[in-house]
**Q** 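I'd like to ask some things about the structure below.
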Amino acid sequence: MNLELSPAEIAFRDELRAVFLGKIPEDVRERSAQGLATRDDIVTAQRILNEHGLAVPHWPVEWGGRDWTPTQAHIYRTELQRAAVPPPLAFNVSMVGPIIAEFGTEEQRRKFLPATANLDIWWSQGFSEPEAGSDLAGLKTTARRDGDEYIVNGQKTWTTLGQYGDWMFLLARTDPQAQRKQQGISFLLLDLTTPGIERRPIRLIDGGVEVNEFFFDNVRVPAENLVGEENKGWTYAKFLLGNERDGIAQIGTGQRMFAELARFAEARDLAADPDFRSRLHATKLRLLAIEATQLRVTGASERGEPSPVSSLLKLAGTQALQELSALRMQAAGSDALLVADDDLSSAQYLNLRKLSIFGGSNEIQRGVIAKTILGL
């Protein structure tokens, strides 16, 4: 297939750049590039994007979607990352929003979707538990029906940015007697100001607090906050996780990180180091291969052809970003021990280690690749 953009696609890309570079404040983008975007930065960026119809382009048109082609969606994601714009909050736009749009009641759509798109509600994800992470179907949090309410008891953990959450979309077991553990799970929407909820921060290896744990003690949730059918939550969770992996290769982020690293290395005269130069160019080739693969997948999806290579893209993209962060640490030398005011501090290096785990661990992706691509 032709991997070059058409004139119309180039014009589309330039329109996006005008918003990303011209409307999003430069200081917001600078902090985002450093991995230091604040809550206010994320809210500011998403509301500007929403004002220009760019916060939820993949949603149904009646709720703010743009009905773009797969190629346009790919250009959007790549340019957003390349410009270091804080992306629209994934919990809102890629997770709970599409679930409510697809499976929610009309009342739920009217109540939640506009506020979700504009980040008037900050959603938290209530999926993982201490003994139910990769094996999510093993969750033990329960929701017992009591008249017009559910009574929720249990614990959720590794809730990213949960300290900011206003509401949580929650998986809970509503039928403990179900024959298979994937059955008997329901999808609930929970106001985090409800009595009986305790949230605790989890301090990470980089010293920051990005994830949290939640405890639920007889928390009452109106039955009207059930999404879809009772005991069908596993189906909705699979739909949601498919959206979570969309664009997970972060091609634009990798390209931006490479350009910044190349400038930094040149300033430090690292071009004379053959090992560093070899690793840097190998990473550049990997980024080019990832982009070409992504464009092939995008072209196939436009022709209606399914492609199993999203796992490969996730794996390769993760490895490229982690290698770039390692090279940045090497280039900084002893300065890497400091949390410097530049694009890849030691804190960000540590934070990027998580890419191998979320969205489906890299070990799981290798299994998928072996089965669906290599036929092993």
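One-based numbering along the sequence shown.
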**Q** Look at the aromatic rings of W68 and F12 and report parallel, tilted or perpendicular, splitting at 30° and 60°.
**A**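 If you compare the ring of W68 with that of F12, the planes turn out perpendicular.
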
**Q** Any Lys/Arg nitrogen of R279 or E323 sitting under 4.0 Å from an Asp/Glu carboxylate oxygen of the other?
**A**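 Yes, R279 and E323 are salt-bridged.
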
**Q** By salt bridge (charged side-chain N to carboxylate O under 4.0 Å, His left out), which residues pair with R353, not counting sequence neighbours?
**A**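 Not a single residue meets the salt bridge (charged side-chain N to carboxylate O under 4.0 Å, His left out) criterion with R353.
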
**Q** Apply ring-ring contact (aromatic ring centres under 6.0 Å, His included) to residues W158 and F127 and explain how you reach the verdict.
**A** CA-CA 9 Å; W158 306 122; F127 278 23; over 10 Å; no

**Q** Has R328 got its NZ or CZ under 6.0 Å from the middle of the six-membered ring of F264, at an angle within 45 degrees of the ring axis?
**A**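 Yes; both conditions hold, so R328 lies above the ring face of F264.
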
**Q** Between L315 and R366, does a side-chain contact (heavy atoms from CB on, under 4.5 Å) hold up when you go through it step by step?
**A** CA-CA 8 Å; L315 177 64; R366 289 186 179 95; 3.8 Å; yes

**Q** So, for I251 and Q81, which heavy atoms are closest and what is the spacing to 0.1 Å?
**A**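 Result for this residue pair: N-OE1, 3.2 Å.
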
**Q** Within the structure provided, determine whether W59 and L113 are in side-chain contact (heavy-atom separation under 4.5 Å).
**A**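 SC-SC contact between W59 and L113 confirmed.
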
**Q** From Q255 CD over to Q250 CD, what is the distance, rounded to the nearest 0.5 angstrom?
**A**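 Between Q255 CD and Q250 CD, I get 12.0 Å after rounding to 0.5 Å.
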
**Q** With a 4.5 Å limit on heavy-atom distance, are the side chains of S186 and K232 in contact?
**A**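 They are not in contact (no side-chain heavy atoms under 4.5 Å apart), so the answer is no.
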
**Q** Nearest 0.5 Å, what's the CD-OG1 distance between Q183 and T174?
**A**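 If I round to the nearest 0.5 Å, the distance is 11.0 Å.
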
**Q** If two hydrophobic side chains count as joined below 4.5 Å and joins carry through other members, does F20 share a cluster with I10?
**A**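 F20 clusters together with I10.
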
**Q** Whether E266 and R263 form a salt bridge (side-chain N of Lys/Arg under 4.0 Å from carboxylate O of Asp/Glu) is what I want to check.
**A**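 Salt bridge absent between R263 and E266.
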
**Q** Any side-chain heavy atom of T160 within less than 4.5 Å of one from S124?
**A**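 T160 does not reach S124 side chain to side chain.
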
**Q** Take T141 and K156 through the test side-chain contact (heavy atoms from CB on, under 4.5 Å) and record every step on the way to the result.
**A** CA-CA 8 Å; T141 295; K156 297 293 178 179; 3.7 Å; yes

**Q** In the single-linkage hydrophobic clustering (I, L, V, M, F, W, Y; side-chain heavy atoms under 4.5 Å), do F258 and L288 co-cluster?
**A**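 No, no single cluster joins them.
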
**Q** Using a strict threshold of under 4.0 Å (side-chain N to carboxylate O), is an ion pair present between E107 and R110?
**A**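 Between E107 and R110 there is no salt bridge, as every charged N stays at least 4.0 Å from the carboxylate O atoms.
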
**Q** Carefully, step by step, assess Y236 and E229 under the rule side-chain contact (heavy atoms from CB on, under 4.5 Å).
**A** CA-CA 10 Å; Y236 310 144; E229 299 179 45; 4.0 Å; yes

**Q** Would you say D120 and R47 make side-chain contact, with heavy atoms under 4.5 Å?
**A**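 Sidechains of R47 and D120: in contact.
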
**Q** Can you tell me if N212 and T159 form a side-chain donor-acceptor pair at under 3.5 Å?
**A**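 Distance-only check fails for N212 and T159.
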
**Q** Should we say atom CD of E26 is surrounded by more than 12 heavy atoms from elsewhere, each under 6.0 Å from it?
**A**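 No, not enclosed.
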
**Q** How many angstroms lie between CG in L119 and CZ in R39, if you round to the nearest 0.5 Å?
**A**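 The CZ atom of R39 is 7.0 Å from CG of L119, to the nearest 0.5 Å.
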
**Q** In this structure, would V43 and W123 fall into the same cluster of hydrophobic residues linked by side-chain contacts under 4.5 Å?
**A**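 Per the 4.5 Å side-chain linkage, V43 and W123 are co-clustered.
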
**Q** Which ILVMFWY residues are connected to L226, directly or by a chain of links, through side-chain heavy atoms under 4.5 Å apart?
**A**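 Answer for L226: Y150, V152, M168, L170, L188, L190, L192, I197, F214, F216, V219, V221.
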
**Q** Taking atom OG1 of T116 and atom CG of N92, what is their separation to the nearest 0.5 Å?
**A**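 Rounded to the nearest 0.5 Å, the OG1-CG separation comes out at 5.5 Å.
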
**Q** Shared ILVMFWY cluster between F276 and L287, side chains joined below 4.5 angstrom?
**A**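 Yes, F276 and L287 fall within the same hydrophobic cluster.
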
**Q** Could you tell me whether the side chain of L80 reaches within less than 4.5 Å of the side chain of L49, counting heavy atoms only?
**A**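 Yes; the side chains approach each other to less than 4.5 Å.
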
**Q** Which heavy atom in A45 sits nearest to a heavy atom in V85, and how many Å separate them?
**A**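 Smallest heavy-atom distance, with atoms named: CB-CG1, 4.3 Å.
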
**Q** What are the two closest heavy atoms between Q46 and L89, and how far apart are they?
**A**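 Looking at all heavy atoms of both residues, the shortest contact is OE1-N, 2.7 Å.
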
**Q** Can you tell if the side chain of R17 reaches within under 4.5 Å of the side chain of E15, non-hydrogen atoms only?
**A**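 Not in contact.
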
**Q** Tell me, with the steps shown, if D275 and Q330 meet side-chain contact (heavy atoms from CB on, under 4.5 Å).
**A** CA-CA 11 Å; D275 176 66; Q330 179 181 340; 4.2 Å; yes

**Q** Between OG of S128 and CG of L171, what distance do you get to the nearest 0.5 Å?
**A**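 Here the interatomic distance stands at 9.5 Å.
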
**Q** Within the supplied structure, the quantity of interest is the number of heavy atoms (other residues, nucleotides, ligands) at a distance under 6.0 Å from Q179 CD; does it exceed 12?
**A**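 Not more than 12 within 6.0 Å, no.
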
**Q** With heavy-atom distances below 4.5 Å as the criterion, would you say the side chains of I75 and L16 are in contact?
**A**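 The answer is yes; the side chains approach within 4.5 Å.
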
**Q** Closest approach of R29 and I24, non-hydrogen atoms and distance?
**A**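 Closest heavy-atom pair between R29 and I24: NE-O, 3.5 Å.
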
**Q** Does either side chain, that of E210 or that of Q163, offer a donor lying less than 3.5 Å from an acceptor on the other one?
**A**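 Side-chain D/A pair, E210 to Q163: absent.
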
**Q** Are the charged groups of D27 and R31 less than 4.0 angstrom apart, N to O?
**A**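 A salt bridge is present here (some side-chain N lies under 4.0 Å from a carboxylate O).
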
**Q** Is the backbone of G162 close enough, under 3.5 Å, to the side chain of R199 for a donor and an acceptor to pair up by distance?
**A**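 Judged by distance alone, yes, a pair lies under 3.5 Å.
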
**Q** Examine L21 and V28 and state if one hydrophobic cluster contains both, with Ile, Leu, Val, Met, Phe, Trp and Tyr joined whenever side-chain heavy atoms are less than 4.5 Å apart.
**A**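 No.
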
**Q** Indicate the atoms forming the closest heavy-atom contact of Y76 with A55, along with that distance.
**A**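 In this case the closest contact between Y76 and A55 is OH-O, 4.2 Å.
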
**Q** Does CG belonging to D14 count more than 12 external heavy atoms closer than 6.0 Å?
**A**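 Counting neighbours around CG of D14, more than 12 heavy atoms of other residues, nucleotides or ligands fall under 6.0 Å, so yes.
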
**Q** Among residues two or more places apart or on two chains, list those pairs meeting salt bridge (charged side-chain N to carboxylate O under 4.0 Å, His left out) that have a residue in residues 171-195.
**A**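 For residues 171-195, and leaving out neighbouring residues, the salt bridge (charged side-chain N to carboxylate O under 4.0 Å, His left out) pairs sorted by first residue read D135-K181.
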
**Q** Output yes when K140 and E129 qualify as a salt bridge under the 4.0 Å nitrogen-oxygen rule, no when they do not.
**A**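 So K140 does not pair with E129 through a salt bridge.
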
**Q** For L189 and F169, which heavy atoms make the closest approach, and how far apart are they?
**A**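 Closest approach of L189 to F169: CD2-CB, 4.0 Å.
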
**Q** Any donor-acceptor pair under 3.5 Å linking the side chain of R109 with the backbone of A101?
**A**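 Checked: pair present.
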
**Q** Could you tell me if D41 and T38 have a donor-acceptor pair between their side chains, going purely by distance under 3.5 Å?
**A**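 Yes.
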
**Q** Measuring from atom CD1 of I185 to atom OG1 of T142, what distance do you get when rounded to the nearest 0.5 angstrom?
**A**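 Spacing of CD1 (I185) from OG1 (T142) equals 12.0 Å.
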
**Q** Quick one: does M257's side chain get under 4.5 Å of L321's, heavy atoms only?
**A**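 SC-SC contact between M257 and L321 confirmed.
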
**Q** Check the side chains of Q155 and E213 for a donor-acceptor pair under 3.5 angstrom, ignoring hydrogens and angles.
**A**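 Checked: E213/Q155 side chains pair up, N/O donor to acceptor below 3.5 Å.
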
**Q** Would you call the rings of W167 and F112 parallel, tilted or perpendicular, where under 30° means parallel and over 60° means perpendicular?
**A**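 W167 and F112: perpendicular rings.
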
